Q: 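What follows is a structure written as structure tokens; I'll ask about it next.
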2 protein chains.
Amino acid sequence: MAVSVDDVFSQITARGLRVTRQRRAVVAAVADSSVCLSPLEVFEAARRDCPDLGLTTVYRTLELLGEIGALRRVHGADGCERLVPAGSTHGHAVVCDSCGRVTEFTECDMGDVVRAATRETGYRITGHFLQLSGLCVDCAAQGDGGARTPAARPDGRWNEKGSR
Amino acid sequence: MAVSVDDVFSQITARGLRVTRQRRAVVAAVADSSVCLSPLEVFEAARRDCPDLGLTTVYRTLELLGEIGALRRVHGADGCERLVPAGSTHGHAVVCDSCGRVTEFTECDMGDVVRAATRETGYRITGHFLQLSGLCVDCAAQGDGGARTPAARPDGRWNEKGSR
DNA sequence: GCTGAAAGTGAAAACCGTTTTCATTAGACG
DNA sequence: CGTCTAATGAAAACGGTTTTCACTTTCAGC
Ligand SMILES: [Mn+2]
Ligand SMILES: [Mn+2]
Ligand SMILES: [Zn+2]
Ligand SMILES: [Zn+2]
């Protein structure tokens, strides 16, 4: 699911770039995840396959994957962001507020919303960034409440910065 | 338009906080803008009213305005973000890709989209983050093309970081 | 399989937006 | 005014990301 690993490597070679052990590890780490990952988390996951991997290379590879379109950005309420593998060219993230799982949603018909916005603002609307949030199937079944799995940081920060 | 300055000051005093010369300048700078602003840009604008203003105070005031709900975050394609005044409690930004102007859009009926997403993902959807993009009335009238006003950075970064 | 040109890598340093610290200033309220 | 406390700004600290650079690896072409 999510990213097709073979496609990613095809795109890399098509650009005249090289498939390295490090890139394989980063792509695998991202492709395997159903949860938002920070660059640091990608680093830690990929490092299990490739212990001598450097954080610098993770950043460089994530940028490359972004150019290829294999990553989708997920914005948190406070503006920081995380990355999830993108399964298709046009899709949106649906984020579970409880466990952090991210699922892709592709059947977005924004026609009515775009018409309403055009009426209200006069803009000629050509694009949209949409992200839905709620409870995934598992979390909804477990009960309606708050965070079960503390693994996912609900505030959506890349990482805990200051102590505050 | 956008933020009601008086309301903001009411909320500030209601919290037992103080209305200072610096806060007045920051609120004015944000409220006057129809374009996304970075904290640095807010600082520069507010400094014209209040030359001894410090950047630290801008950050502190922006955080306060965020808590009050007087700011809306705008996410750029690359994940960095900017701030615009929020006119209402629930609304979405419509961003002009050409000049950077941001207008608020409130009549969002996401019913169909949410139903489609529920069908596709099984999530119980309780929230949405939506941001539309296109051309504002002025830019659409001027022609269909690319950036006219180089003032707005199309990449959406807070500021030009590295040289790269 | 070699070989060589060019891409890739990682450690360390630099960068830079943001946050913290702390001594000083200035609202609000009587 | 006087007091009490929130607010401020300069400077330092912070921390995620990017750059640098000497070294390694990939892979197309023998
Ligand atoms: Mn869509
Ligand atoms: Mn809405
Ligand atoms: Zn969940
Ligand atoms: Zn415009």
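In what follows, chains carry the letters A, B, and so on, assigned in the order in which the sequence lines appear, proteins first and then strands, with residues in each chain numbered from 1. The structure displayed is predicted, hence computed values, not measured ones. Computation of the quantities below employed the complete heavy-atom set of this structure, encompassing side-chain atoms and omitting hydrogens, waters and symmetry-equivalent molecules.
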Q: Roughly, in whole Å, what's the span from CG in B:L64 to P in D:dA6?
A: 14 Å

Q: Check this for me: does any side-chain nitrogen of one of B:R101 and B:D138 sit under 4.0 Å from a carboxylate oxygen of the other?
A: yes

Q: Under 3.5 Å, is there a donor-acceptor pair linking the side chains of A:T103 and B:Y123?
A: yes

Q: Round to a whole Å and report the spacing from CZ of A:R23 to P of D:dT26.
A: 11 Å

Q: I'd like to know if B:R21 pairs up with B:D52 as an ion pair, taking the criterion as any Lys NZ or Arg NE/NH1/NH2 lying under 4.0 Å from an Asp or Glu carboxylate oxygen.
A: yes

Q: Would you say the side-chain atoms of A:H128 and B:H92 include a donor-acceptor pair closer than 3.5 Å?
A: no

Q: Starting from C1' on C:dA11, measure out to CZ on A:F43 and report it in whole angstrom.
A: 11 Å

Q: Given the structure, check if the side chain of A:R60 and the base of C:dG10 hold any donor-acceptor pair shorter than 3.5 Å.
A: yes

Q: Tell me which residues in residues 14-21 of chain B put a heavy atom below 4.0 Å from DNA chain C, sorted by number, or none.
A: B:R18, B:V19

Q: Does B:Q22 make a side-chain N or O approach to OP1 or OP2 of D:dA7 shorter than 4.0 Å?
A: no

Q: Linking Ile, Leu, Val, Met, Phe, Trp and Tyr by side-chain heavy atoms under 4.5 Å, what else ends up with A:F129?
A: B:F129

Q: Is it true that the side chains of A:E120 and B:T106 contain a donor and an acceptor less than 3.5 Å apart?
A: yes

Q: Between A:F9 (CZ) and D:dC27 (P), how many Å, whole number?
A: 11 Å

Q: Rounded to the nearest Å, what distance is computed from the CZ atom of residue B:R24 to the P atom of nucleotide D:dT8?
A: 11 Å

Q: State plainly whether one hydrophobic cluster holds both A:V137 and A:V94, where clusters connect Ile, Leu, Val, Met, Phe, Trp and Tyr through side-chain heavy atoms under 4.5 angstrom apart.
A: no

Q: What residues in residues 46-57 of chain B put a non-hydrogen atom under 4.0 Å from any atom of DNA chain C?
A: B:T56

Q: Determine yes or no for a side-chain-to-main-chain donor-acceptor pair under 3.5 angstrom, with A:T118 supplying the side chain and A:V114 the backbone.
A: yes

